[in-house]
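See below for the structure under consideration.
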Amino acid sequence: MEFLCPTHRQQFANLSLEERKDLWLFWMENAHACIERGDWRDVISLSGSAMDLACLDGATDESCMHVELTLAAILVSQALSICGDITGKEQVLSKALKVLRTDDSLAISPECCGMDECVLVLSDRTRHAEFFSDHLNWSAPHFPFRQPVVSRVRVLH
């Protein structure tokens with residue numbers, strides 16, 4: 001599952017780490033605004049683009065975007081789930097895990113949490129909300145990780 005077209009991938013690959021992080025944050029903030037309006041398709045597009053941006057190869061001495069990759073993957077997978085696209089959700093999480101496990105361009109920086117932690121968080125969905133809120137500090141009522149409301153069906157005879 002790809003969210004950025006090849007032309008934009010090439011353009012964004014040439015950005016510095018600071019420019020990438022600024023663009024990533026811009027997209028994620030816009031995704032947050034879309035959550036407030038309930039525009040889940042736009043949330044998917046924006047957070048998916050942010051995820052693809054974090055997956056791009058860059059100079060190995062400066063590419064520390066594994067936390068951003070993890071956060072965007074969590075958000076886009078949650079939005080896909082809300083829209084009923086469980087297959088898409090699984091594809092996004094699998095792609096993020098694959099990149100984290102195999103991409104040497106995601107060099108670990110001492111300031112960041114370890115890549116292993118990101119892999120563990122993506123692998124354990126019970127940790128998604130906490131990791132997300134710890135790093136982005138989004139809160140209710142617009143936090144996309146609320147437990148679904150279970151309605152009880154009452155059958156009348």
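- With sequence neighbours left out, the side-chain contact (heavy atoms from CB on, under 4.5 Å) criterion links Leu120 to Glu117, Arg127.
- Residues satisfying the ring pair (Phe, Tyr, Trp, His ring centres under 6.0 Å) criterion with Trp27, sequence neighbours excluded, are Phe12.
- Within the 4.5 Å cutoff, the side chain of Ser123 has heavy atoms near those of the Leu97 side chain.
- His8 contributes atom NE2, which lies 5.0 Å from atom CD of Gln11 (distance to the nearest 0.5 angstrom).
- Rounded to the nearest 0.5 Å, atoms CG (Leu4) and CG (Leu53) are 7.0 Å apart.
- A donor-acceptor pair under 3.5 Å is formed between the side chain of Arg20 and the backbone N or O of Ala13.
- A donor-acceptor pair is defined here as one N or O able to donate and one able to accept, closer than 3.5 Å; such a pair exists between the side chain of Ser49 and the backbone of Ser45.
- Atoms CZ and CD1, from Arg41 and Ile82 in turn, are 11.5 Å apart once rounded to the nearest 0.5 Å.
- A search for side-chain hydrogen bond (donor to acceptor under 3.5 Å, both in side chains) contacts involving Thr126 returns Asp124, not counting sequence neighbours.
- From Leu25, atom CG reaches atom NE2 of His32 across 12.0 Å, with rounding to the nearest 0.5 Å.
- For Glu19, there are no salt bridge (charged side-chain N to carboxylate O under 4.0 Å, His left out) partners, not counting sequence neighbours.
- The shortest heavy-atom contact between Leu46 and Ala31 is CD1-N, 3.6 Å.
- Taking Asp39 as the reference, Arg37 meet the salt bridge (charged side-chain N to carboxylate O under 4.0 Å, His left out) condition, with sequence neighbours excluded.
- The hydrophobic cluster containing Ile86 does not contain Val76, counting ILVMFWY residues as joined when their side-chain heavy atoms lie under 4.5 angstrom apart, directly or transitively.
- Residue Met1 holds its CE atom at 11.0 Å from OG of Ser77, rounded to the nearest 0.5 Å.
- Under the 3.5 Å distance criterion, the side-chain polar atoms of Trp24 are matched with a main-chain donor or acceptor of Glu68.
- Taking each heavy atom of His135 and Leu71 in turn, the nearest pair found is CB-CD1, 3.7 Å.
- Residue Leu122 holds its CG atom at 6.0 Å from CG of Leu93, rounded to the nearest 0.5 Å.
- Taking each heavy atom of Ala73 and Val92 in turn, the nearest pair found is O-CG1, 3.7 Å.
- Annotation: salt bridge (charged side-chain N to carboxylate O under 4.0 Å, His left out) contacts involving residues 85-97, sequence neighbours excluded, comprise Glu2-Lys95, Asp52-Lys95, Glu90-Arg125.
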request  = Check the pair Ile44 / Phe3 against side chain to side chain contact (heavy atoms under 4.5 Å, CB included), numbers first and verdict last.
outcome  = CA-CA 9 Å; Ile44 292 166; Phe3 296 95; 3.8 Å; yes

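- Contact detail for Leu69 and Met51: the closest heavy-atom pair is CD1-CG, 3.5 Å.
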